[in-house]
Number of protein chains: 2
Amino acid sequence: MRSIAEDLTTRARIRDAAIGLFGRDGFARATVRAVASAAGVSPGLVIHHFGSKAGLRDACDQHVLWQTATQGREKTDPGSTRQLIQDYLNHPDQYADEITYIRRALSDESEAGDAFFDAVVKQTQDIILAGMEAGTIRKFDDVPSTAVVIASNSLSILMLGRHLSRTLGTVGPEPHGIGPELLRQLTLPALEIYTHGFYTDARFLDAASEAINHNTNSGREHAP
Amino acid sequence: MRSIAEDLTTRARIRDAAIGLFGRDGFARATVRAVASAAGVSPGLVIHHFGSKAGLRDACDQHVLWQTATQGREKTDPGSTRQLIQDYLNHPDQYADEITYIRRALSDESEAGDAFFDAVVKQTQDIILAGMEAGTIRKFDDVPSTAVVIASNSLSILMLGRHLSRTLGTVGPEPHGIGPELLRQLTLPALEIYTHGFYTDARFLDAASEAINHNTNSGREHAP
DNA sequence: TCACACATTAAACACTTGTTCAATCCGGGA
DNA sequence: TCCCGGATTGAACAAGTGTTTAATGTGTGA
């Protein structure tokens with residue numbers, strides 16, 4: 001957890017302002033002048049400290065993505081990704097900029113975003129393997145693909161958070177963004193599916209399994 | 001299904017070129033000159049036909065998003081969204097531009113993207129209600145939230161497709177992008193979870209249910 | 001006190017952007 | 001045939017972009 005940070009070095013102030021603007025407006029729309037203005041400095045100083053706008057982006061990637069990606073990997077205890085996301089989403093005011101920045105990095109083509117996604121998938125796979133051994137998670141044939149599915153489902157809350165809070169119409173203090181209210185509303189339905197399943201029987205699964213493993217490549221009975 | 005389209009009107013050629021460039025590079029990065037060059041016309045003609053770059057974007061939204069969103073709503077038969085996505089993802093060469101455009105519209109703040117997401121959620125909700133009545137889908141207390149969760153999970157394949165194909169390393173003819181190979185690899189794990197669940201028992205569900213319905217707002221036992 | 005290195009700025013530069021405008025091209029009615 | 005309206009273009013414009021540069025402040029060690 002980072003400190004409230006008032007006496008930051010100028011370089012750090014510029015970086016934090018850039019994280020906020022890059023996440024909110026995207027790398028192309030956010031201008032160097034806007035970053036400088038948000039940090040209370042001149043545009044030239046931004047270039048002086050980071051070499052170029054791309055260098056500034058690299059510094060932001062380093063600060064937000066690589067740090068969290070590797071910090072997650074240090075904790076060998078499975079479930080650290082879960083707690084990382086929990087930490088993020090339970091303190092929306094503190095981490096809002098980081099959340100939106102990660103979303104942008106996962107959307108745009110970004111090497112750091114790729115590393116972050118890979119880290120999340122790896123953590124998920126470790127969780128699944130440990131859970132399968134402990135007996136809390138069902139045994140899956142294709143663990144890597146299952147981990148990708150689970151990670152993708154988890155990250156979808158982050159990617160589509162704006163739409164989720166919009167359609168569900170959370171009545172919390174913050175109308176937009178991903179917050180605790182939204183999570184509380186989605187946790188039970190998600191766990192319901194993860195616990196008892198979505199379908200009542202294996203009809204769709206058997207049909208898809210037979211369609212895929214045997215003949216044509218047109219998997220017509222795909223899940224919604 | 002659209003025709004192969006060689007004898008298109010110039011306006012349509014510009015629009016299609018813009019759909020491709022807006023989807024691939026984003027609205028801000030894609031320039032009017034690049035669109036004009038891709039369509040084989042001059043930059044001035046783009047403005048002449050669409051008034052402005054924003055007008056061009058509106059025309060693209062109209063063509064890709066509103067059309068599919070409303071076209072989905074016309075078919076009362078539940079499952080049309082599924083078939084729409086299936087149609088899209090089974091003809092990647094034909095619909096690749098539309099797919100990336102929809103992804104961009106869902107990421108960026110776009111009124112048309114909002115409408116598309118709402119349409120998908122509504123379709124999903126109709127599917128769930130029909131399935132609950134037919135007995136093929138389990139009965140859920142909070143159907144709207146469940147529909148949002150299912151729709152979000154489905155769209156995550158679209159949002160994170162680049163990462164999915166990258167980490168799973170599909171060996172198909174197209175190394176990148178969302179294609180039939182990727183879908184085939186993800187269908188069975190997803191249906192496995194949707195059929196038999198992810199956890200072995202209701203431990204996490206009960207814990208989360210008690211934590212949310214009773215006391216503190218810190219849902220510590222959240223799914224991954 | 002004095003340099004010296006660094007932080008910082010205002011102004012300018014080169015370039016790209018979206019858009020405008022006058023000038024052409026061209027096909028189809030009178 | 002002539003003419004006219006729309007399609008189309010090349011050149012230009014004004015604004016905004018990232019970056020450079022010379023100058024100025026500013027604190028620190030000798």
- Can a cation-pi geometry be assigned to B/K53 and B/F27, taking NZ or CZ under 6.0 Å from the six-membered ring centre and within 45° of the ring axis?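 Judged by the rule, B/K53 and B/F27 form a cation-pi pair.
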- B/L45 has an atom CG; how far is it from atom C1' of C/dT19, in whole Å?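 Atom-to-atom, B/L45 to C/dT19, this comes out as 14 Å.
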- Query: Just how far, in rounded Å, is P of C/dT19 from CZ of B/F50?
  - Reply: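 Those two atoms, CZ and P, are 13 Å apart.
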- If you look at every heavy atom in A/A208 and B/T187, which pair is closest and at what distance?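 Here A/A208 and B/T187 meet closest at CB-CG2, 4.2 Å.
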- Message: Between the opening five pairs and the closing five pairs of the helix from C/dT1-D/dA30 to C/dA30-D/dT1, how far apart are the helix axes, to 10°?
- Response: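 Computed from the C1' atoms at both ends, the axes differ by 20°.
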- Is it true that atom CZ of A/R29 has more than 12 heavy atoms of other residues, nucleotides or ligands lying nearer than 6.0 Å?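 Yes - once you tally the heavy atoms of other residues, nucleotides and ligands closer than 6.0 Å, there are more than 12.
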- Determine: side-chain N/O of A/H48 to OP1/OP2 of C/dT8, distance under 4.0 Å, yes or no.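 No, outside the criterion.
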- Should B/R15 and B/D58 count as an ion pair when the cut-off is N to O under 4.0 Å?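 Looking at B/R15 and B/D58, the cut-off is not met.
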- NZ/NE/NH1/NH2 to OD/OE distance under 4.0 Å, B/K122 and B/D118: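 No salt bridge links B/K122 with B/D118.
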- Assign each of A/I47 and B/H49 to its nearest nucleotide of DNA chain D by heavy atoms, then name whichever residue's nucleotide is nearer the 5' end.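 Its nucleotide being nearer the 5' end, the pick is B/H49.
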- Item | Start and end of chain B contact along DNA chain D [non-hydrogen atoms, under 4.0 Å] |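 Using the under 4.0 Å cut-off, the span is D/dA7 to D/dA12.
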Hey, is the main chain of [Y] close enough, under 3.5 Å, to the side chain of [X] for a donor-acceptor pair?
X: A/T9; Y: A/A12; answer: no
X: A/R13; Y: A/A39; answer: yes
X: A/S37; Y: A/R33; answer: no
X: A/R162; Y: B/D108; answer: yes
X: A/S156; Y: A/N153; answer: yes

- Item | Near-strand residues of residues 25-39 of chain A, defined as heavy-atom separation under 4.0 angstrom from DNA chain C |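 Those residues are A/R33.
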